[in-house]
Each structure stands twice: as structure tokens, then as C-alpha cells.
Amino acid sequence: MVTKTAAWTNVKTQTKERTRSLSEGIGLLRSFVIGGVIFSVLSIPLLLNIQTTKYNSEISSLTIRMQVMQSKMIDKKSQIDSILEAKFPNTTVVKINGQTFFIRKGK
């Protein structure tokens with residue numbers, strides 16, 4: 001085991017010595033590695049959860065917008081059908097596969 005000794009003088013001109021062993025440096029490095037691993041193990045799933053929540057809320061928002069647009073389209077189609085029925089009362093209304101056809105009656 002290697003021991004390093006350092007001496008320094010502080011402002012009051014007192015000399016202090018500190019002895020540091022190699023195992024102390026390895027322990028410090030080990031604690032940084034373990035701390036980094038623990039941080040990554042705890043933070044990565046949290047970050048992934050945040051991203052998942054964000055995308056789920058965007059999907060929900062787009063689904064709501066799509067439903068609103070579909071209801072508006074259905075409303076407009078029914079308005080058009082009612083206008084055509086009012087303007088052309090002598091027609092026969094036929095619905096085939098969800099589509100409305102106005103057929104003119106013969107004279």
C-alpha cells in the first residue's frame with residue numbers, strides 16, 4: 001500500500017500534515033461510481049415515465065380534436081341534407097351505405 005504525505009502552511013504559518021493512502025483514493029472513486037449508477041438507475045425510468053406521460057397526453061388531445069372534427073363534419077352533412085330536402089321537396093331520399101342520394105321524381 002502506498003502512502004502519500006502532503007504538508008502545507010496556512011495563513012497563521014502553522015504547518016499541518018495530511019497522510020493519504022491509496023485505498024482512500026480508490027474508496028472515493030468507488031463511491032463516485034456507485035453514486036452515478038444509483039442516480040442513473042433512479043432517474044432514467046423517471047425520465048422515460050415523463051416522456052410516456054407527455055406522449056399519452058398528446059395522443060389524448062389529438063383524439064379529442066379528431067372527435068370534435070368528426071362531430072362537426074356530421075353536423076355539416078346533416079345541415080346540407082336538410083337544406084337539400086327543403087329546397088327540393090319533390091325528390092326521393094335514398095340512403096345507400098351511409099350516403100344520401102336525392103333522386104328526382106318523374107313528371
* Please check if the side chain of T63 supplies one atom and the backbone of I59 the other of a donor-acceptor pair under 3.5 Å. => yes
If you look only at distance, which donor and acceptor atoms sit under 3.5 Å apart when one is on a side chain in residues 37-44 and the other is two or more places apart or in another chain?
from: S40; atom 1: OG; to: G36; atom 2: O; distance (Å): 3.2
from: S40; atom 1: OG; to: V37; atom 2: O; distance (Å): 2.9
from: S43; atom 1: OG; to: F39; atom 2: O; distance (Å): 2.8

* Report yes if some heavy atom in the side chain of S78 is under 4.5 Å from a heavy atom in the side chain of D75; otherwise report no. => yes
If you look only at distance, which donor and acceptor atoms sit under 3.5 Å apart when one is on a side chain in residues 46-55 and the other is two or more places apart or in another chain?
from: T52; atom 1: OG1; to: L48; atom 2: O; distance (Å): 2.8
from: T53; atom 1: OG1; to: N49; atom 2: O; distance (Å): 2.8

* **Results of side chain to side chain contact (heavy atoms under 4.5 Å, CB included) for Q70 - residues two or more places apart only** => M66
* Structure fact -> Separation between CD1 (I74) and NZ (K76), nearest 0.5 Å, reads 13.5 Å
